[in-house]
Amino acid sequence: MRNLAPKYNHQEVEAGKNKFWYDQDAFKADPTSKKPAYTIVIPPPNVTGKLHLGHAWDTSLQDIIIRMKRMQGYDALWLPGMDHAGIATQAKVDARLKEQGISRYDIGREKFLEKSWEWKEEYAGVIRQQWDKLGLSLDYSRERFTLDEGLSEAVRKVFVGLYEKGLIYRGERIINWDPAARTALSDIEVIHKEIEGAFYHFKYQIEGSNDFLEVATTRPETMFGDVAIAVHPDDERYTHLIGKNVIIPGNGVAIPIIADDYVEMDFGTGVVKITPAHDPNDFEVGNRHNLSRPVVMNLDGTMNEGAGKYNGLDRFVARKQLVADLQAAGLVVKIDKHVHSVGHSERTDVVVEPYLSTQWFVKMEELAKRSVENQATENKVNFIPERFENTFLRWMENVHDWCISRQLWWGHQIPAWYHKTTGEMHVGMEAPADLENWTQDEDVLDTWFSSALWPFSTLGWPDSGDADFEKYFPTDTLVTGYDIIFFWVSRMIFQSLEFTEKVPFNNVLIHGLVRDADGRKMSKSLGNGVDPMDVIEKYGADALRYFLTTNSAPGQDLRYIEEKVESTWNFINKIWNASRFVIMNLDGMTVEDVDLTGRSLSVADAWILGRLNETIRGINRNTESFEFGEVGRHLYNFIWDDFCSWYIEMAKLPMQSEDEAAKTFTRMVLATVLEAIVKLLHPFMPFVTEEIYQMISSSDKALAVAAWPEANPGFDNPKAVTDFSLLMDIIRSVRNIRAEVDAPNSKQIRIFINAKNDEVLDNLTANQAYLERFCNPSELRIEKGLTLSEEAMTAVVTGADILLPIEGLVNVEAEIARLSAELKKLSAEVKRGESKLANEKFTAKAPAHLVEEERAKLEDYKEKFATVESKLKQLSK
RNA sequence: GGAGAAUUAGCUCAGCGGGAGAGCACUUCCUUGACGUGGAAGGGGUCGGCGGUUCGAACCCGUCAUUCUUCACCA
């Protein structure tokens, strides 16, 4: 055992702790153990780069839960892993190649994948290092990656399974096309933004007449794909025109006027151009009327030969030129400014093009229905906070089919093969035997398709009888942000129900986003991001973790405010120094030597142990409901106020005495409380608590695997609480008066205490030593029936009056003012209590114990009031 | 247009049916041997407005206001 430095040094404390834990296999789960399982799978970070503060928050919460469960005797498994993140990673590798002046098409698919794996290895290393820095208790022996063989097998199994059930199909639909990434996207990868665009009104001339129909559109360049003009069947303005043709102004092509319910008569001119290949609604209309579906754009967002002279131009350039040309031709009625919502790619931020294309889809109706229905059963997923369950349900009820094919290379290639000559399709776990006659589908699956399987694919599924899967699935709690409920949480739920017949996790704890000090989202473009590693460097992982996990309520966003991390550091420094005091006084005693059974404790000992009980109970209660902010508050108050400000100060008395027995008792209490503190704090601050624990324990075992503290009913002691509270009240009153008369604590004063009854007298007499130490009197008198003296300053506490005779010091005017203020407060209290008790409804309906408390309080206030009043009378004479 | 969240001390936020809390900031005092990254004592809030339920409301319900999220195929 060594002495601690007077200043907490987070870098020194945190160094080497991970190795200490790993050497003991502290975080390794064991399916053969008899302990009940508690499982968390990490939301796999993308291998695109470094972790940000949001990850730090998310993983800290999980670490808190898993460390608590581990200490509480569970076989705790926290499974780490990472996500290949198709589009995002491919974009990164593309960018890296571009720096070398290479395009992925130059090197081909195979070589590109090699480069991608290199990238993955590199960033996986970075991420593991960051996890270590954060102090996460992950079981690395079970680390997984979404492109691992086992997980890929799960992906194929699910794909083939859904296909065989008819829940996956391939078809030509309007999808969201990202012309920059040149891939299809799912609906939720499209971000709608309000954009000020224009509403272009064009003249579509009626064939064989000089009349025209006015057609409005926000995307003029798609007119080359128009195959009809639609009006509402009941719209009397146009019924006579149905069946006639109009001329597309851009190219002079004639198209029919059709009637369809889809058109709203009241909107715009009541005439809609129908472009089936470039608009989802038009696609439906086209299907109903058997219309053709010409595509007029290339995959990169330029116009194709269908656009005539605009062939090869970028869609927006083409739009501009087309409008100018039509204006010159007198075919534009007007151009209105128009604010409308435009879809942008989540990844590339370019405007997404609704585009006709052959893709793979997951049919959502049945899957969604099953998930929704399951939430009405006992087997439901428990959302915390609850309101997110509605978010989930509402989305599930309105979900469209999920486009899962992506025109990328980095990902799970779709297990479908096409026969080179017959065109026949084969979907299966394995390639067809005569592979040379087949070509595999070039596309890969949406990254979220594999992420959706994460809770079971990582645990060995679909291997039947896998020990991990048997023991650890369903997992217990998933922790993630509200921003990926749709992307991930919902998909895990329906895939899990479909393939394992179970929910993937019993609880899902949803947290918010980390924002900057001004409440803005952290983003690269704003440059307001904070690197968690920088914070750890400056304040330590313990401070960062505690800040992140105790400074918001569940589901709320969190602002990153450096001063708060700093104040957390101060808190740790406080803990450090309290520990320093304890260790210096233990004189070689360790927590294993403590035996408090049968000891007679001082009032301070009894009080702090009682407070410890309350703290443990409070923590356990709030932990159940994942209210870590409240847990933090229990810890903070207990440690800083009760333990440091009061108990340690009290403990100095016996520790500085010659009474060896008293010293031993005090050491034991100090050790008991400190041990409990580091245990309770450990999930939040694993590093510093491990450091301290190793200094007060003779065992080599890590605190990380020590047993969680339990409240000891033998330490519940209401009388000690009352007695000690009186001492605290007296001490505070004396300090207060000293401050009033500007008498520094070192200055000795006389203190007379008038005990109101024998019980108080006994208590105070027995604990005189504390009063002497804290109040530093030149004379201390504790008596029953002391009378008020004019020369003394007066304070009243429950059960006693305090008189401080300060010769020549008392400014009568000031004292009258002080006591008058006090009297006013007391009078208000008396009034409040009286009116409450005068209310018969209150006394009749409120719980009896509350009425009783109210009565007792009223008596107490009345007594105090009388004392102060009579003192005031004396002074005013 | 639908749904949700927020509105509490100067700032950032807890609390969510029985007498308003924390951190930072502010005032005064303190170089006492765990800690001046500290200690002691303070000041500061009609808990957004208005109704309602209740013996009792910051907390539950309704409504309005402001701010912020989300979802949605209105051409």
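Just so it is clear: chains get the letters A, B, ... in the order the sequence lines come, proteins before strands, and each one is counted from 1. Any value given below was found using the heavy atoms of this structure, including those in side chains, with hydrogens, waters and symmetry copies removed.
Regarding contacts with the backbone of B/A34, every side-chain N or O of A/Trp640 stays at 4.0 angstrom or more from both OP1 and OP2. Contact annotation: A/Arg580 reaches the phosphate of B/C35 (side-chain N/O to OP1 or OP2, under 4.0 Å). For A/Ser645, a side-chain nitrogen or oxygen approaches OP1 or OP2 of B/A40 to under 4.0 Å. Under 4.0 angstrom from either OP1 or OP2 of B/G42 there lies at least one side-chain N or O belonging to A/Asn736.
At a threshold of 4.0 angstrom between heavy atoms, the contacts of A/Ala553 are confined to the sugar-phosphate backbone, with no base atom among them. Contact annotation for A/Pro847: base contact, defined as any heavy-atom pair under 4.0 Å involving a base atom. Residue A/Tyr560 is out of contact with every strand shown, counting any heavy-atom pair closer than 4.0 Å. Looking at heavy-atom distances under 4.0 Å, A/Ile561 makes contact with sugar-phosphate atoms alone, never a base. At a threshold of 4.0 angstrom between heavy atoms, the contacts of A/Glu284 with the nucleic acid are absent. Within 4.0 Å (heavy atoms only), A/Phe388 reaches no atom of the nucleic acid at all. No engagement by A/Gln656 is indicated, since no non-hydrogen atom pair under 4.0 Å with the nucleic acid exists.
Rounded to a whole angstrom, the distance from the C1' atom of B/C47 to that of B/C16 is 11 Å. Taking atom P in both B/U27 and B/U32, the straight-line distance is 22 Å, to the nearest Å. Separating the P atom of B/A57 from that of B/A20 is a span of 12 Å, rounded to the nearest Å. With both ends at atom C1', the span from B/A3 to B/C59 equals 23 Å, rounded to whole Å. Nucleotides B/G17 and B/U54 have their C1' atoms positioned 9 Å apart, rounded to a whole Å. Nucleotides B/G2 and B/C64, compared at atom P, are 12 Å apart to the nearest Å. Comparing the P positions of B/U67 and B/G23 gives an interatomic distance of 33 Å, to the nearest angstrom. Annotation: B/A6 and B/A75 have their P atoms spaced 33 Å apart (nearest Å).
Seen from the ring of A/Trp646, A/Arg773 does not count as a face-on cation partner, given the 6.0 Å and 45° thresholds.
Nearer the 5' end of RNA chain B, as judged by each residue's closest nucleotide, is the contact made by A/Ala517, out of A/Glu649 and A/Ala517.
Take A/Phe487 and apply the ring pair (Phe, Tyr, Trp, His ring centres under 6.0 Å) test, not counting sequence neighbours, and it matches A/Trp448. Evaluation of the ring pair (Phe, Tyr, Trp, His ring centres under 6.0 Å) rule for A/Phe486 yields A/Trp395 as partners, not counting sequence neighbours. Shown here are the ring pair (Phe, Tyr, Trp, His ring centres under 6.0 Å) partners of A/His201, two or more places apart in sequence or in another chain: A/Phe199. The ring pair (Phe, Tyr, Trp, His ring centres under 6.0 Å) check on A/Phe581 picks up nothing, with sequence neighbours excluded.
Under the Watson-Crick and G-U wobble criteria, each requiring two contacts below 3.5 Å, nucleotide B/G45 is left unpaired. Taking a pair to require two hydrogen-bonding distances under 3.5 Å in either a Watson-Crick or a G-U wobble arrangement, B/G51 pairs with B/C61. A 3.5 Å limit on both hydrogen-bonding distances identifies B/G23 as the Watson-Crick or G-U partner of B/C11.
Side chain of A/Ala846, nearest nucleotide from B/C55, B/G15, B/A41: B/C55. The nucleotide whose nearest atom lies closest to any side-chain atom of A/Asn570 is, among B/G38, B/A14, B/G23, B/G38. When distances are taken from the side chain of A/Ser567 to each of B/G39, B/C24, B/G18, the shortest belongs to B/C24.
For a distance-only test at 3.5 Å, the side chain of A/Lys564 fails to qualify as a donor-acceptor partner of the base of B/C24.
A donor-acceptor contact shorter than 3.5 Å links the side chain of A/Asp542 to the backbone of A/Val688. A donor-acceptor distance shorter than 3.5 angstrom exists from the side chain of A/His278 to the backbone of A/Val296, with no hydrogens or angles considered.
A salt bridge between A/Arg633 and A/Glu627 is absent, with no side-chain N of the basic residue lying under 4.0 Å from a carboxylate O of the acidic one.
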Report task. Go along nucleotides 6-11 of chain B 5' to 3' and tag each nucleotide: B for a protein heavy atom under 4.0 Å from its base, S when only backbone or sugar atoms are that close, - otherwise. Result -> S-----
**Report entry** Summary of protein contacts for nucleotides 68-75 of chain B, nucleotide by nucleotide, where a base hit scores B, a sugar-phosphate-only hit scores S (4.0 Å, heavy atoms)
**Finding:** --SS-BBB
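When only modelled atom types and interatomic distance are considered, A/Arg580 and A/Asn577 share a side-chain donor-acceptor pair under 3.5 Å. Checked by atom type, the side-chain pair A/Glu189/A/Ser186 shows a donor-acceptor distance below 3.5 Å.
In this structure, the separation between CD1 on A/Ile258 and NE2 on A/His289 is 4.0 Å, given to the nearest 0.5 Å.
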